[in-house]
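Values below: all heavy atoms of this structure, side chains included; hydrogens, waters and symmetry mates excluded. Letters A, B, ... mirror the listed sequences (proteins, then strands); counts begin at 1.
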Protein chains: 2
Amino acid sequence: MSTAEETDGEIAPWSEVTPEAARRLLVAAVEAFAERGYHATTTRDIAGRAGMSPAALYIHYKTKEELLHRISRIGHDRALRLLETAADSGGTASDRLADAVRSFVRWHAERHTTARVVQYELEALSEEHRDEIVALRRKTDAVVRRIIGEGVSAGEFDVPDVPGTTLAVLSLCIDVARWFNAQGSRTPEEVGTLYADLVLRMVGAQK
Amino acid sequence: MSTAEETDGEIAPWSEVTPEAARRLLVAAVEAFAERGYHATTTRDIAGRAGMSPAALYIHYKTKEELLHRISRIGHDRALRLLETAADSGGTASDRLADAVRSFVRWHAERHTTARVVQYELEALSEEHRDEIVALRRKTDAVVRRIIGEGVSAGEFDVPDVPGTTLAVLSLCIDVARWFNAQGSRTPEEVGTLYADLVLRMVGAQK
DNA sequence: CGCGAACCTGAGCAAGCGCTTAGAGCGTGT
DNA sequence: ACACGCTCTAAGCGCTTGCTCAGGTTCGCG
């Protein structure tokens, strides 16, 4: 019926999570958190989806919150790496910004289940864990701001308010996780391309 | 210490909610839902904030979910009216789109507490209630799409993908509720102005 | 004054929550 | 052969949850 590897219609990149039972629990938690939200999800539901008893969860994770933290941590790491790869590739600022937006958006669409948890359940984290995640988000922000700043310096972009525009660009991309529907008519690829174009317009990139 | 009327630093527009005790409960619920989320909020917390016993809540509302529905309904009505007012005012499509975005964004920033509940707690609603709210959202979408469509017809805008761009514009505005911070450096007015400019760029409006 | 309606509280119920514990099953090293 | 460590379960503990209900207070109105 459902293999542990198949979620969101693609191979789930949870290979770093071992052993296999811990990964199954984590994937189940992602699905449950995305569907109902962290607080509305019970540990019994998570364990059930993973085909285990409720107690099995606590062999691999100390608390329900630790599960959320692990998910959030891995997701943020992945998203940040996507952006950094695009930012460090060669090409003009326009190329790099378009690349960054395209891959960032594609990730949020393809893996919207994960992204929803990663982006919208921050407040359910403990204080220390939230601080750690917020630091990752600031890095994300810095990467995009740098690209836009370089585009302005190079005369490629026309942006009166760099921090504000950075915020808007990231906000636009992140919100894809909220509305994207796999049953909808747009593929992640299409949304990525559309958004890259829109963002280039926002920064007044030369054609 | 805290009057019932003062929330978000402005006069709360909950005047349609009577009697006063029901309004106090509703305002308390908005605050609590915005802070912790619907599922993490207890009826005891809501009643406590309103200075009442837990049982008092059930004199004015049948369930906790009814409270959420009332909040969501009123909020969506208000947001939709803001957009319609801007859409029906005279002027070019650019003027109307800028107006719509500015007031819509300003509302999401000024009343981000309410907006957060309105925009991010849809899934906690019962099926019928959610259907009702989704219908309002479709209306919202239609208003913005109409403005953009008219701008394209008039030759004011250059938009290859009208539905996609509409989605992106609304998504951008709505997400303000998530990140806006009253303690931050930007006023709702400033964010509205910035966003109106960004959106005009997105639709390729003539300068 | 007295009556009824509207409003609110204290106490608490049934259900469900996160999490714990005792112990069973089983593959592995010696 | 056997003890060990790892994984998992059945049962359930203590607590909190949404919600109820019997009863008290307050008020407008005759």
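Distance A:I46 CD1 to D:dC8 P: 16 Å, rounded to the nearest Å. D:dC27 atom C1' lies 16 Å from atom CD of B:E20, rounded to whole Å. Atom NE2 in A:H60 sits roughly 16 Å away from atom C1' in C:dC19 (whole-Å rounding). Rounded to an integer number of Å, the gap from CD1 of A:I59 to P of C:dA24 is 16 Å.
The side chain to side chain contact (heavy atoms under 4.5 Å, CB included) check on A:A28 picks up A:I46, A:R49, A:A50, with sequence neighbours excluded. B:R70 meets the side chain to side chain contact (heavy atoms under 4.5 Å, CB included) test with B:L26, B:Y61, B:E66; sequence neighbours excluded. In terms of the side chain to side chain donor-acceptor pair (under 3.5 Å) criterion, A:R130 has no residue partners (sequence neighbours excluded). In terms of the side chain to side chain contact (heavy atoms under 4.5 Å, CB included) criterion, residue partners of A:R106 (sequence neighbours excluded) are, by chain and number, A:E110, A:P188, A:E189.
Taking only side-chain atoms of A:A56, from C-beta outward, the nucleotide of D:dT7, D:dT9, C:dC8 with the closest atom is D:dT9.
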| In B/S/- notation, 5' to 3', how is nucleotides 10-22 of chain D contacted by protein heavy atoms closer than 4.0 Å? | B-B----BBBBB-

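With respect to B:D141 and B:R146, no salt bridge is recorded, no charged nitrogen being found less than 4.0 Å from a carboxylate O.
For residues 121-142 of chain B, every residue pair satisfying the ring pair (Phe, Tyr, Trp, His ring centres under 6.0 Å) rule, not counting sequence neighbours, is listed here: B:H69-B:H129.
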